Participant: 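Starting off with a structure, shown below.
Every chain is numbered from 1, with letters handed out A, B, ... down the list of sequences. Keep in mind that what you see is a predicted model, and the values were worked out from it rather than measured.
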2 protein chains.
Amino acid sequence: MSDSLARKTQPLLDESLLTFLPPFSKLESRQIRAILDQATTRRVEEGAAIFDEGAPAERFYLLLDGYVRVVRLSPTGERITALHIPPGQLLGIARALGRTDYPATAVAAAESIVLSWPTRLWDSFAAEYEGFSTETYAVVGKRLEEMSERIMELATQHVEQRVANALVRLINQSGRKVPGGIEIDFPITRQDLSEMTGTTLHTVSRLLSGWEKQGLVKSQRKRIMVCDAHALVVLSQP
Amino acid sequence: MSDSLARKTQPLLDESLLTFLPPFSKLESRQIRAILDQATTRRVEEGAAIFDEGAPAERFYLLLDGYVRVVRLSPTGERITALHIPPGQLLGIARALGRTDYPATAVAAAESIVLSWPTRLWDSFAAEYEGFSTETYAVVGKRLEEMSERIMELATQHVEQRVANALVRLINQSGRKVPGGIEIDFPITRQDLSEMTGTTLHTVSRLLSGWEKQGLVKSQRKRIMVCDAHALVVLSQP
DNA sequence: CGCCAGCTTGAGGAGACTCAACCTAAGTGG
DNA sequence: CCACTTAGGTTGAGTCTCCTCAAGCTGGCG
C-alpha cells in the first residue's frame with residue numbers, strides 16, 4: 001500500500017486505538033494492524049446520518065469518537081430515539097443479526113469519527129479473530145438490556161421521571177465537568193430530549209424551566225448543564 | 001443409554017421435532033440425535049416460571065410447544081411483559097449475549113413443553129454445529145426488532161391503538177379459528193393485556209367492553225375471541 | 001354454597017398534549 | 001456591520017386521555 005493512499009484513508013489510525021476496545025482486546029498487534037488496514041475512516045458532521053433505516057447493510061461501523069443516536073421514524077413521521085451509542089462500540093452490525101438491511105437510522109449526535117468495513121468482512125472477522133464475535137454479542141446483549149430498560153420506563157414511569165432519567169444517563173455517558181456542574185458535551189435540543197423520552201418538546205421545555213428555577217440545571221440553547229445530579233436521580237425514581 | 005432412562009427424560013423426542021427449526025435446520029440427523037440425547041424435557045404449567053430474572057443462567061431452553069411471556073418487574077413492583085416467545089424459539093440464551101444471569105423472567109402463558117441444556121454446552125453447540133449460532137443470532141435480531149417496535153408504540157401511540165395492536169399480534173401468533181371468529185388459544189386476562197401494553201386492567205376492560213358492543217370482539221373470563229380483525233387493525237393505526 | 005380471582009363501571013381529577021403566540025440567540029447575506 | 005431570517009425555546013389556555021379510587025358484579029372452584 002502506498003504512503004499516499006495510507007495517509008488518505010487512515011490519517012490517524014494507530015493500533016492503540018483499538019487495543020482497549022472489547023471486540024479487539026484479545027487480539028495481537030499484528031491482527032489489529034490487519035483489521036485497521038482494511039478500514040475506511042470517515043468524519044461525520046453533527047446531525048448527519050451514518051446509515052439509513054431500510055438501506056442495504058453494506059458496511060459495519062465502529063464509533064471511534066463522538067456520539068451516535070439510533071433513531072426510527074414512526075408511520076406518522078415522529079422521530080424516536082431507540083438508543084444511544086457511546087464511542088468504542090460497533091454499530092450497523094445487521095449482518096451479525098441475520099439482517100441484510102439496517103433496522104434503524106444512525107445519526108451523529110455530535111461530530112464523530114467512524115471506522116467502517118464492508119459487511120462481507122464480518123464473517124471472516126468473526127471466524128479469524130478470537131473473541132471478536134463473543135465480545136460483539138456482549139454488546140448486543142447490552143443493547144437488548146438497554147431497550148428493555150426503555151420499555152420498562154415508557155410503560156411505568158411518568159414523563160418527569162423519564163426526562164430526569166434521560167438527563168442522568170446523558171451526563172453519565174458523556175458528561176464533562178465544568179464550573180458549576182456537569183455539562184452534556186454535545187449539542188442537544190429539547191426536541192432531542194423529547195424524542196428520547198417519548199414526549200413533546202413543550203413538556204421538556206417546561207420541565208427544564210422548572211428545574212432551572214430550583215437550581216437543578218442550567219441551560220442555554222442546545223446546551224444543558226446539570227448542577228445537582230443527585231436531585232435529578234431522586235426525581236427519576238418513583 | 002438404557003431404555004428406561006430414555007423414556008424418563010425423553011418421552012416424545014423425535015428427531016423430526018427439531019429438523020425444521022431454524023437453529024437446527026442445517027444439521028444432519030446424526031447431529032440432531034446427539035443434541036436431543038443431551039436435552040432435558042420439562043412440562044411447564046400455565047403461569048409457572050421457567051427461569052427467573054437475575055438467577056444464574058445455568059441452562060438454555062427451546063420452547064417446543066406452548067407459549068412464553070418474558071416479564072420484568074419494575075422497582076415499584078409492576079409487571080411488564082417485554083416480549084412473547086412462540087414455539088420453536090430458543091430462550092434463556094444469556095450465554096450468547098455475554099451474560100451470566102437471566103435478564104428477565106420467563107413465564108408459561110399456556111401449558112408448555114421446553115427442552116433444555118446446560119449452559120456450558122452452548123459453546124460446543126455453537127462451535128460444532130453449522131448454522132446454529134448464525135440462526136440463533138437471527139432470532140436475537142428479531143427480538144431487537146420486536147423490542148424496538150414496542151418502544152415505538154409506547155412512545156407514539158395511544159392506549160387504544162396499543163391494545164388493539166397487541167390483540168392483532170396475539171391472534172396472528174396464536175389464533176385458533178372458532179365459529180364466529182378467531183380465538184386466542186391460551187388463557188389471557190385483562191391484567192395480562194395491560195402488562196403487555198403499559199396500561200391498567202381497568203382501561204383494557206373498558207376498551208374490550210366498548211369493542212364488544214361494536215361486535216369487534218367477544219370475551220369471557222380469560223378468553224378473548226376476535227370477530228373483526230380488520231377493524232382492530234384499523235383501530236391500531238393512527 | 002361460599003369464596004375469590006377476574007371483571008365491570010362510574011366519578012373525579014391529574015398529567016400531558018395540542019394549539020397558539022411570542023421571544024431570542026445565532027447565523028446569513030447584502 | 002447591521003438587518004433579516006430562522007431554528008430553537010418559552011409560556012399560557014384549554015382540553016382530553018387515561019389513571020386512580022371506589023364499589024359492586026360474576027363465573028368457577030374447593
Participant: Can you sort out the partners of S148(B) under side-chain hydrogen bond (donor to acceptor under 3.5 Å, both in side chains), two or more places apart, ordered by chain and number?
Facilitator: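 side-chain hydrogen bond (donor to acceptor under 3.5 Å, both in side chains) list for S148(B), sorted by chain: R72(A).
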Participant: If we check side chain to side chain contact (heavy atoms under 4.5 Å, CB included) with D185(B), which of these qualifies: R223(B), K177(B), R176(B)?
Facilitator: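 For D185(B), the side chain to side chain contact (heavy atoms under 4.5 Å, CB included) test succeeds with only one of R223(B), K177(B), R176(B), which is R176(B).
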Participant: Are any of the side-chain nitrogens in E212(B) or K218(B) under 4.0 Å away from the carboxylate oxygens of its partner?
Facilitator: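 Result for this pair is no, no salt bridge flagged.
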Participant: Generate the contact string for nucleotides 6-13 of chain D. Rules: B means base contact, S means sugar-phosphate contact only, - means no protein heavy atom under 4.0 Å.
Facilitator: -BBSBBBB
Participant: So if I take residues 151-171 of chain A and measure heavy-atom distances to DNA chain D, which residues fall below 4.0 Å?
Facilitator: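 Nothing qualifies; none.
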Participant: Which label fits Y102(A) and Y61(A): parallel for a plane angle under 30°, tilted from 30 to 60°, or perpendicular past 60°?
Facilitator: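 Aromatic pair Y102(A)/Y61(A) classed tilted.
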Participant: So that I can tick it off, tell me whether R190(B) and D192(B) are bridged by a salt bridge, with the cut-off set at under 4.0 angstrom between side-chain N and carboxylate O.
Facilitator: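 Looking at R190(B) together with D192(B), the answer is no, because their closest N to O distance does not fall below 4.0 Å.
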Participant: How are the rings of F186(B) and H84(B) set relative to one another: parallel (under 30°), tilted (30 to 60°) or perpendicular (over 60°)?
Facilitator: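 Geometry flag for H84(B) against F186(B): tilted rings.
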Participant: Side-chain donor-acceptor pair under 3.5 Å between R79(A) and Q191(A), yes or no?
Facilitator: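 No, Q191(A) and R79(A) have no side-chain donor paired with an acceptor closer than 3.5 Å.
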Participant: Find the bend of the helix from dC1(C)-dG30(D) to dG30(C)-dC1(D) as the angle between its two terminal axes (five pairs each), to the nearest 10°.
Facilitator: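 That helix gives 30° between its end axes.
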Participant: So that I can tick it off, tell me whether R169(B) and E153(B) are bridged by a salt bridge, with the cut-off set at under 4.0 angstrom between side-chain N and carboxylate O.
Facilitator: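 Yes, E153(B) and R169(B) are salt-bridged.
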Participant: Would you kindly say whether T197(B) and T199(B) are connected by a side-chain donor-acceptor distance under 3.5 Å?
Facilitator: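 Note: T197(B) and T199(B) side chains miss the donor-acceptor criterion.
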Participant: Which is the 5'-most and which the 3'-most nucleotide of DNA chain C that has an atom under 4.0 Å from a heavy atom of chain A?
Facilitator: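 The protein-touched segment is dA16(C) to dA26(C).
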Participant: Salt bridge (charged side-chain N to carboxylate O under 4.0 Å, His left out): which pairs involve residues 228-238 of chain B, sequence neighbours left out?
Facilitator: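 Sorted result for residues 228-238 of chain B: empty, none.
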Participant: Look at R162(A) together with E160(A) and state whether they make a salt bridge at an N to O cut-off of under 4.0 Å.
Facilitator: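 Result for this pair is no, no salt bridge flagged.
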Participant: Run the salt-bridge test on E195(A) and R69(A) with the 4.0 Å N-O cut-off and return the result as yes or no.
Facilitator: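 Looking at E195(A) and R69(A), the cut-off is not met.
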